[in-house]
Amino acid sequence: MKATALTPEDYNSYYKGYIDLVEDVSLLTALENGKEQFRNLLDLIPEDKLVFAYAPEKWTIAEALLHIIDTERIFQYRAMRFSRLDATPLPGFEQDDYVPVSGANKRTKQSLLQEFLDVRASTTSLFAYLSDEQLKFRGSASNSPMSTAAAGFVLCGHQEHHSKIIMNRYL
């Protein structure tokens, strides 16, 4: 399935900007492309710049990278629940509450890369074994409907969004 196959009923319009960032490729290809993009992005970041923030009260690079990983975990979990027809509404999450307790600024590039690769491998495995029918199943998160496939494309677009911010504002 490609992101262009999603309908407005598959996700809250808030996520359209993320989904629009995903190339016109299959979800599995988008996940693979994102893995390589993350690896390439980390290659550009000097280790001593991980704790750099471009302005006061903004996240450091390490915090932004760990935010990408945290968000992928959350959307992967949502996708798994939706794909199993779990009708239990899932709550939202407050990203700004996660950062201060994440310990991101004590991490190395290698540890962030390894965690991302582990999480992405799990995400890819989940989506690789879902049927076209399961990708269309919908659940509810943050008081809005979302399809299994949309959760996957959102996490891909979310990564792209933050990668662009890192490239444009931090490097």
Side-chain angles (χ1 to χ4, degrees), residues 3 6 8 10-23 27 30-82 89-124 126 139-147 149-171:
L6 297 174
D10 285 320
Y11 57 91
N12 184 302
S13 61
Y14 171 83
Y15 297 111
K16 183 172 177 15
Y18 293 137
I19 291 170
D20 287 348
L21 290 174
V22 180
E23 296 176 19
L27 179 53
L31 289 166
E32 184 62 30
N33 291 349
K35 181 175 78 173
E36 293 311 310
Q37 178 202 56
F38 195 88
R39 191 186 312 264
N40 293 337
L41 176 63
L42 261 66
D43 285 345
L44 298 173
I45 302 169
E47 189 82 35
D48 64 344
K49 201 164 184 178
L50 278 177
V51 295
F52 169 73
Y54 69 90
E57 305 299 316
K58 294 297 182 181
W59 294 345
T60 65
I61 293 174
E63 290 169 337
L65 293 170
L66 194 52
H67 166 70
I68 292 169
I69 297 166
D70 287 349
T71 302
E72 178 150 342
R73 277 193 165 104
I74 290 165
F75 277 82
Q76 178 196 114
Y77 177 70
R78 289 175 176 183
M80 186 273 301
R81 297 270 304 259
F82 301 159
L90 300 175
F93 68 102
E94 180 47 62
Q95 64 186 17
D96 291 322
D97 291 345
Y98 284 41
V99 173
V101 295
S102 70
N105 290 329
K106 296 177 183 168
R107 302 284 297 271
T108 64
K109 274 188 353 178
Q110 184 56 40
S111 75
L112 290 164
L113 174 60
Q114 189 58 57
E115 185 173 355
F116 175 81
L117 293 174
D118 292 343
V119 171
R120 182 53 58 97
S122 177
T123 301
T124 301
L126 171 68
S140 176
S142 301
N143 299 313
S144 295
M146 178 173 277
S147 70
F153 285 114
V154 167
L155 69 86
C156 289
H158 178 264
Q159 177 196 342
E160 177 68 21
H161 167 77
H162 282 287
S163 295
K164 287 181 179 204
I165 290 172
I166 291 169
M167 290 295 297
N168 294 331
R169 297 183 185 166
Y170 291 84
L171 302 179

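All residue numbers refer to positions in the sequence shown, counting from 1.
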4.5 Å side-chain heavy-atom contact, Leu41 and Met167: yes
Could you grab the distance from atom CG of Leu27 to atom CG of Leu6, nearest 0.5 Å is fine? 9.0 Å
Heavy-atom closest pair, residues Ala141 and Phe82: CB-CZ, 4.0 Å
Going by ring-ring contact (aromatic ring centres under 6.0 Å, His included), name the pairs with one or both residues in residues 94-117, residues two or more places apart or in two chains. Phe38-Phe116, Phe93-Tyr98
Can you list every side chain to side chain donor-acceptor pair (under 3.5 Å) pair that touches residues 99-110, not counting sequence neighbours? Thr60-Asn105, Glu63-Asn105, Arg107-Ser111, Arg107-Glu115, Thr108-Ser111
Under 30°, 30 to 60°, or over 60°: which ring-plane class applies to His161 and His158, parallel, tilted or perpendicular? tilted
Indicate yes or no: at least one non-hydrogen side-chain atom of Lys164 is less than 4.5 angstrom from one of Glu160. yes
Report yes if the side chains of Ile74 and Leu90 come closer than 4.5 Å at any heavy-atom pair, otherwise no. no
Got a donor-acceptor contact below 3.5 angstrom from the Lys49 side chain to the Ile61 backbone? no
For Glu23, look at atom CD and say whether over 12 heavy atoms of other residues, nucleotides or ligands are found less than 6.0 Å away. no
Using the ring pair (Phe, Tyr, Trp, His ring centres under 6.0 Å) rule, pick out the option among Phe153, Tyr15, Tyr18 that qualifies with Phe75. Tyr15
Decide yes or no for Val154 and Thr71: does some side-chain heavy atom of the first lie under 4.5 Å from some side-chain heavy atom of the second? no
Parallel, tilted or perpendicular: which describes the rings of His162 and Trp59, with under 30° parallel and over 60° perpendicular? parallel
Closest non-hydrogen atoms of Asp96 and Pro100, given as atom of the first, atom of the second and distance, are O-CD, 3.1 Å
Distance check, rounded to the nearest 0.5 Å: Leu171 atom CG versus Leu44 atom CG? 6.5 Å
If you look at every heavy atom in Gly92 and Arg78, which pair is closest and at what distance? CA-NH2, 3.7 Å
Taking all non-hydrogen atoms of both residues, which atom of Tyr170 and which atom of Lys58 are closest, and how far apart? OH-CB, 4.4 Å
Looking only at the side chains, is there a donor atom on one of Tyr77 and Arg81 sitting less than 3.5 Å from an acceptor on the other? yes
Measuring from atom CD of Gln76 to atom OG1 of Thr124, what distance do you get when rounded to the nearest 0.5 angstrom? 9.0 Å
How about Ser122 and Met80: do any of their side-chain heavy atoms sit closer than 4.5 Å? no
Just jot down the side-chain hydrogen bond (donor to acceptor under 3.5 Å, both in side chains) partners of Lys16, sequence neighbours excluded, or say none. Asp20
Give me the atom names and distance for the closest heavy-atom approach of Ala64 to Ile166. CB-CD1, 4.1 Å
Minimal non-hydrogen separation, Ala62 against Ala104, with atom names: CB-O, 3.4 Å
Using a 6.0 Å cut-off, check whether atom CG of Asn143 has over 12 heavy atoms from anything other than its own residue. no
Compare all side-chain heavy atoms of Met146 with those of Asn12 and state whether any distance is below 4.5 angstrom. no
Rounded to the nearest 0.5 Å, what separation is found between the CG atom of Leu113 and the CG atom of Asp118? 9.0 Å
Between Leu31 and Gln159, is there a side-chain heavy-atom distance shorter than 4.5 Å? no
Measuring only between side-chain heavy atoms, which start at C-beta, is Asp10 closer than 4.5 Å to Ile19? no
Which distance, rounded to the nearest 0.5 Å, do you find between the CG of Leu117 and the CG of Leu112? 11.0 Å
In Å, rounded to the nearest 0.5 Å, how long is the span from CG of Asn33 to SG of Cys156? 8.5 Å
